[in-house]
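All ligand and atom numbering here is 1-based and tracks the order in the structure. Fair warning: this is a prediction, and the values are worked out from it, not measured in the lab. Note that the numbering runs from 1 along the sequence shown for the chain.
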Amino acid sequence: MENSILQKVVKGDAGYVLEDVPHLTDYIPDLPTYPNPLRFNPAYSVVKQYFVNVDDTVAQKIVVHKDSPRGTHFRRAGPRQNVYFESSEVHACIVTCGGLCPGLNTVIREIVCGLYNMYGVSKILGIDGGYRGFYSKNTISLTPKSVNDIHKRGGTILGTSRGGHDTSKIVDSIQDRKINQVYIIGGDGTQKGAAVIYKEIRRRGLKVAVAGIPKTIDNDIPVIDRSFGFDTAVEEAQRAINAAHVEAGSIENGIGFVKLMGRYSGFIAMHSTLASRDVDCCLIPESPFFLEGKGGLYEFIEKRLRENGHMVIVIAEGAGQDLLSESLQSQADDSGNKLLKDAGLWLSQQIKEHFSSQHKICVNLKYIDPTYMIRAIPGNASDNVYCTLLAQSAIHGAMAGYTGFTVGPVNGRHAYIPFNQINEKQKQVVITDRMWARLLSSTNQPSFLSPKEVTDFENQEPSPSQLSDGEIFEDHKF
Ligand SMILES: Nc1ncnc2c1ncn2[C@@H]1O[C@H](COP(=O)(O)OP(=O)(O)O)[C@@H](O)[C@H]1O
Ligand SMILES: O=P(O)(O)OC[C@H]1O[C@](O)(COP(=O)(O)O)[C@@H](O)[C@@H]1O
Ligand SMILES: [Mg+2]
């Protein structure tokens with residue numbers, strides 16, 4: 001994909017770089033502007049300096065040295081003095097794609113209510129069942145009344161799907177229905193889809209703003225501080241971990257074994273473990289481990305059972321994939337995501353078999369898989385507030401004529417981020433970082449590194465990209 005269409009890089013003094021987002025005027029010259037209707041809104045007109053200065057940008061790296069270059073910045077989100085749409089002209093649509101995530105309904109609600117209450121927009125359509133709904137289903141009319149209570153429900157009232165992304169059919173549908181603001185809520189796959197939709201809209205020269213709202217329970221989207229639903233997931237995982245702890249503690253040599261979501265990133269498992277303090281061992285995709293021999297998982301389980309008589313293990317779904325038999329066929333879902341083998345079920349079975357064949361300790365393992373129960377609940381209070389901000393930032397951006405952007409907090413400030421920044425990488429737990437060290441010291445589990453790997457790590461200079469990399473979650477803020 002041509003990056004020049006997706007991003008505008010502006011350089012300034014002292015190494016300042018603005019990774020700007022496209023604007024409708026980049027390809028439609030002489031678009032008229034209108035005063036922002038918020039000026040006349042009784043709730044907002046009393047707030048001084050409500051509008052964001054057009055030149056405000058948000059720094060990606062906030063830990064700097066005296067001589068550091070100023071680094072990458074993103075355009076600050078928020079309402080502008082002037083907008084590029086008249087309220088009566090706006091015809092918006094909302095679509096949700098990919099896996100479920102707590103808070104989806106809150107984002108839908110707040111886009112509808114935000115458009116209506118802040119900008120007086122009343123023509124808002126819901127697309128039924130993800131991307132394919134654009135061309136294969138009827139739309140759903142959305143009003144503040146119809147979405148009033150939906151934030152209390154899990155899932156998405158619009159439905160979702162994987163696969164079915166047909167760019168020209170989707171843009172035909174947008175054009176035929178005269179939609180001019182498209183709000184796309186979804187994860188990494190969805191945002192890739194949003195980027196190609198934006199590109200096709202631009203190729204056709206349409207006055208249509210495309211705004212992405214990043215969604216993933218796994219928290220693996222780069223640049224932004226965290227994704228919505230993650231906080232809720234960590235909170236809800238505590239119930240499963242507590243149950244595992246109670247079960248394990250009530251029987252001799254009890255092992256409570258909990259599987260949590262996290263395909264390639266173990267953030268839910270890591271944060272749930274740190275929050276709980278009842279977990280003895282946390283296994284994530286980023287940290288390889290082995291079973292047999294000195295320093296292996298079996299040795300650690302035996303030690304912990306001898307010390308405490310019970311233990312709790314948390315595993316992220318993508319952990320230990322390399323240990324599973326190659327003979328197990330790996331397939332892909334409709335979106336092309338590789339379907340992982342169920343490491344949780346497999347490992348729990350291996351542990352049982354290992355200890356029963358050893359005749360040393362008779363373990364009593366209880367396997368808990370709460371993954372879909374966690375994903376299907378509504379957002380918690382903190383995620384609900386966050387979802388409101390995401391929705392409002394997206395609305396302000398679209399009304400101001402920005403397009404081809406994803407919205408999200410960068411170091412606590414909401415920003416407009418070009419799709420390419422979100423789509424080119426995935427955020428992962430950095431196991432040489434302090435957060436993972438905190439986890440190891442809290443569980444006292446082995447690092448599962450071989451002596452050679454330990455030496456390599458000790459000799460490793462801290463990589464500048466890691467020290468300054470804003471994507472490494474919030475570790476450096478503490
Ligand atoms: N590279 C891509 N280009 C266009 N559409 C994509 C791409 N990757 C995924 N999609 C579409 O995005 C939607 C959601 O993707 P998926 O990977 O299932 O979930 P998520 O967005 O949560 O990662 C699906 O409809 C899928 O077809
Ligand atoms: O069974 P499904 O619907 O494919 O979802 C399972 C996947 O969805 C996730 O929860 C999140 O994935 P996405 O954010 O890409 O939708 C993964 O952790 C998990 O592997
Ligand atoms: Mg995904």
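F257 does not carry K366 over the face of its six-membered ring by the limits of under 6.0 Å from the centre and within 45° of the normal. A cation-pi arrangement, defined by a distance under 6.0 Å to the six-membered ring centre and an angle within 45 degrees of its axis, is absent between R204 and Y27.
Closest protein heavy atom to atom 18 (O) of ligand 1: S335 OG, 2.5 Å. In terms of protein heavy-atom proximity, atom 23 (O) of ligand 1 is nearest to D188 OD1, 2.5 Å. With respect to atom 10 (N) of ligand 1, the closest heavy atom belonging to the protein is G189 O, 3.3 Å. When hydrogens are left out, the protein atom nearest atom 2 (C) of ligand 1 is K192 CB, 3.7 Å; that is the closest non-hydrogen contact. When only non-hydrogen protein atoms are considered, atom 7 (C) of ligand 2 lies nearest to R263 NH2, 3.4 Å. At the shortest separation from atom 1 (O) of ligand 2 among protein heavy atoms lies Y372 OH, 2.4 Å. Given atom 17 (O) of ligand 1, the protein heavy atom at minimum distance is N337 ND2, 2.9 Å. Counting protein heavy atoms only, atom 19 (C) of ligand 2 is closest to E317 OE2, 3.1 Å. The nearest heavy-atom contact from the protein to atom 10 (O) of ligand 2 is M261 SD, 2.8 Å. Among all protein heavy atoms, the one lying closest to atom 13 (P) of ligand 2 is K215 NZ, 3.9 Å. At the shortest separation from atom 14 (O) of ligand 2 among protein heavy atoms lies T216 OG1, 3.1 Å. Closest to atom 14 (C) of ligand 1, if we only count protein heavy atoms, is T190 OG1, 3.3 Å. The protein heavy-atom contact nearest to atom 4 (C) of ligand 1 is G193 CA, 3.4 Å. Closest to atom 9 (C) of ligand 2 among all protein heavy atoms lies R375 NH1, 3.7 Å. Of the protein's non-hydrogen atoms, R162 NE, 3.1 Å is the one closest to atom 4 (O) of ligand 2.
Distances from atom 25 (O) of ligand 1 to the heavy atoms of G163, C97, G98 put G163 nearest.
Contacts of T167 with ligand 1, taken as heavy-atom pairs under 4.0 Å, are absent altogether.
Residue K215 has at least one heavy-atom neighbour below 4.0 Å for each of these atoms of ligand 1: 22 (O). Within the listing of ligand 2, atoms 10 (O) sit less than 4.0 angstrom from a heavy atom of I217.
Of the listed residues (V279, I301, V258), just one forms a side chain to side chain contact (heavy atoms under 4.5 Å, CB included) with I313, and that residue is I301. With Y84 as the fixed residue, the side chain to side chain contact (heavy atoms under 4.5 Å, CB included) test singles out one of L31, N180, I28: L31.
Within the 4.5 Å cutoff, the side chain of Y416 has no heavy atoms near those of the T403 side chain. Inter-residue side-chain proximity for I124 and Q181 is flagged as unmet; no heavy-atom pair is nearer than 4.5 Å. Counting heavy atoms from C-beta on, the side chains of D369 and Y367 come closer than 4.5 Å. D188 places none of its side-chain heavy atoms less than 4.5 Å from the side chain of T216. The shortest distance between side-chain heavy atoms of H414 and L390 falls below 4.5 Å.
Remark: ligand 2 and G99 share an N or O pair separated by less than 3.5 Å (distance only, no angle test). At a 3.5 angstrom cut-off on N or O pairs, G187 counts as close to ligand 1.
In this structure, K152 pairs ionically with D149, as a charged nitrogen and a carboxylate oxygen lie closer than 4.0 Å. Between K207 and E89 there is a salt bridge, since a side-chain N of the basic residue sits under 4.0 Å from a carboxylate O of the acidic one.
For the Mg ion (ligand 3), protein N/O/S neighbours under 2.8 Å (waters excluded) are D188 OD1.
For F290, the CZ atom sits in a packed shell: over 12 heavy atoms of surrounding residues, nucleotides or ligands are nearer than 6.0 Å.
In this structure, H271 has its ring center closer than 6.0 angstrom to the ring center of F230.
Note on ring orientation: taking the six-membered ring where Trp is involved, the planes of F419 and Y198 are tilted (angle from 30° to 60°). H310 and H245 have tilted rings, their planes meeting at an angle from 30° to 60° on a 0 to 90° scale. By the 30° and 60° cut-offs, the orientation of the rings of Y131 relative to F134 is parallel.
The shell of residues lying under 4.0 angstrom from ligand 1, judged by heavy atoms, excludes T216.
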